Amino acid sequence: MRSVIEVRHLTHVYMPDSPFEARALDDVSLTVNEGEFVGLIGHTGSGKSTLVSHLNALEKSEPGTVFVRGIDLGAKETKLSDVRREVGLVFQYPEYQLFEETVERDIAFGPANLKLDEEEIRRRVRAAMELVGLDESLREASPFNLSGGQKRRVAIAGVLAMNPSILILDEPAAGLDPAGRRGMLELIRGIHESGVTVVMVSHSMDDVGKYCDRLYVLSHGKIALSGAPAEVFVHGEELRGMGLDVPECAKLAAALRARGFDVPGGAYSRADVAAAILKRFGKGGDAE
Ligand SMILES: Nc1ncnc2c1ncn2[C@@H]1O[C@H](COP(=O)(O)OP(=O)(O)O)[C@@H](O)[C@H]1O
Ligand SMILES: [Mg+2]
């Protein structure tokens, strides 16, 4: 597996040597591999947004701490515009940053700055709209007349129109209703399946369990746990201690396991739970 992001012993202190000093990141190391869908979870204030803002050089890092495709983001000679072309960052509530008069112009803003020709810009806008599920008829609409979920899609399309190979989203489902959340997560799954490496910040264990290949759990600026979802969810007590929770199905799986059902450790999917229950009753066992 080839790594596309490497973070090595990254520490970030806001307002050092002041009464407001905050150690937002404390010796964080992590790796994201080509093609992965990585989840970054943690309680509010654990350092998630600070961490992702280092990954596209929005926050300047010390030399030797953050690498994107082997490029040291802290090195003097590194051109940050090259990095930002590679790594698309979708902020939390990105819809607040829409400002153009039409959907098309908003999405075209980034590509236009790259000085691409008109035809290429139009092509990218069309492709990005399609990828985020916005109907072409909305091209001339004002973004301000769209629903909250659609506005967010416009903002994401604007980042995708830069053709990033790595997409980072900071709490992309925050503030949406359940149907909107599901739609947004399915959309991100589709982007991932189109070949983009994805890093998603979330505080929903259910969401990261369902969509991510691998997780990093941040607590007080440190990586507290990492691994495949099943490896992380076995640490129910520790997660609760960090103000997090395991997915509902993981709780049910643990309860069944404690009662002697044959459920694999760390199971968290409905399928695992259903299989264990069927197995028990299918055998005609002495279920309580
Ligand atoms: N611009 C800032 N100035 C000072 N402190 C900040 C700033 N941004 C974040 N912090 C502090 O850094 C810590 C981590 O914040 P953040 O990265 O936003 O966490 P999260 O995204 O997990 O909620 C918190 O203690 C927060 O108060
Ligand atoms: Mg945040």
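All ligand and atom numbering here is 1-based and tracks the order in the structure. Numbers here are sequence positions counted from 1. None of these values were measured; they are calculated from a predicted model.
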inquiry  = Under 3.5 Å, is there a donor on one side chain and an acceptor on the other for Ser165 and Arg85?
reply    = no
query = What about Tyr14 and His12, are their ring centers closer than 6.0 Å?
reply = yes
message = Donor-acceptor pair, distance only, cut-off 3.5 Å: does the side chain of Asp262 make one with the backbone of Ala276?
response = no
ask   = Quick check: does Thr50 have an N/O/S atom under 2.8 Å of the Mg ion (ligand 2)?
value = no
inquiry  = Which of the numbered atoms in ligand 1 are under 4.0 angstrom from any heavy atom belonging to His43?
reply    = 22 (O)
ask   = Taking the side chain from Ser202 and the backbone from Ser204, do they hold a donor-acceptor pair closer than 3.5 Å?
value = yes
ask   = Does any N or O atom in Gly45 lie less than 3.5 angstrom from one in ligand 1, N or O only?
value = yes
task = Answer yes or no on whether Arg214 is positioned over the face of Phe37, meaning its NZ or CZ is under 6.0 Å from the six-membered ring centre and within 45° of the axis.
result = no
ask   = Which of these passes side chain to side chain contact (heavy atoms under 4.5 Å, CB included) with Val90: Val159, Asp170, Val52?
value = Val159
task = Mark up the atoms of ligand 1 that fall under 4.0 Å of a heavy atom belonging to Ala24, in ascending order.
result = 12 (O), 13 (C), 14 (C)
ask   = Are the side chain of Thr197 and the backbone of Gly35 linked by a donor-acceptor contact shorter than 3.5 Å?
value = yes
request  = Among all protein heavy atoms, pick the one closest to atom 19 (O) of ligand 1 and tell me residue, atom and distance.
outcome  = Gly47 N, 3.1 Å
ask   = Under 3.5 Å, N or O to N or O, is Thr44 touching ligand 1 that way?
value = no
task = Compute the shortest N/O to N/O distance between Ala22 and ligand 1 and return yes if it is under 3.5 Å, no if not.
result = no
ask   = Identify the closest protein heavy atom to atom 16 (P) of ligand 1: which residue and atom is it, and at what distance?
value = Thr50 OG1, 3.7 Å
query = What do we get for Met15 next to ligand 1 when only non-hydrogen atoms under 4.0 Å count, side chain, backbone, both or neither?
reply = side chain
inquiry  = Using heavy atoms and a 4.0 Å limit, tell me yes or no: is Gly42 in contact with ligand 1?
reply    = no
task = Please check if a non-hydrogen protein atom sits closer than 4.0 Å to atom 26 (C) of ligand 1.
result = no
ask   = Pick from Val154, Leu187, Ile107, Ile188: which one makes a side chain to side chain contact (heavy atoms under 4.5 Å, CB included) with Val132?
value = Leu187
remark   = The closest protein heavy-atom partner of atom 11 (C) of ligand 1 is Tyr14 CD1, 3.9 Å
key: Chi angles and distances behind the ring pair (Phe, Tyr, Trp, His ring centres under 6.0 Å) call for His203, His43   = CA-CA 6 Å; His203 55 245; His43 196 258; 8.1 Å; no
Atom 18 (O) of ligand 1: the protein heavy-atom neighbour that sits closest, reported with distance to 0.1 Å = Ser49 CB, 3.9 Å
query = Can you tell me if Gln92 has a non-hydrogen atom under 4.0 Å from ligand 1?
reply = no
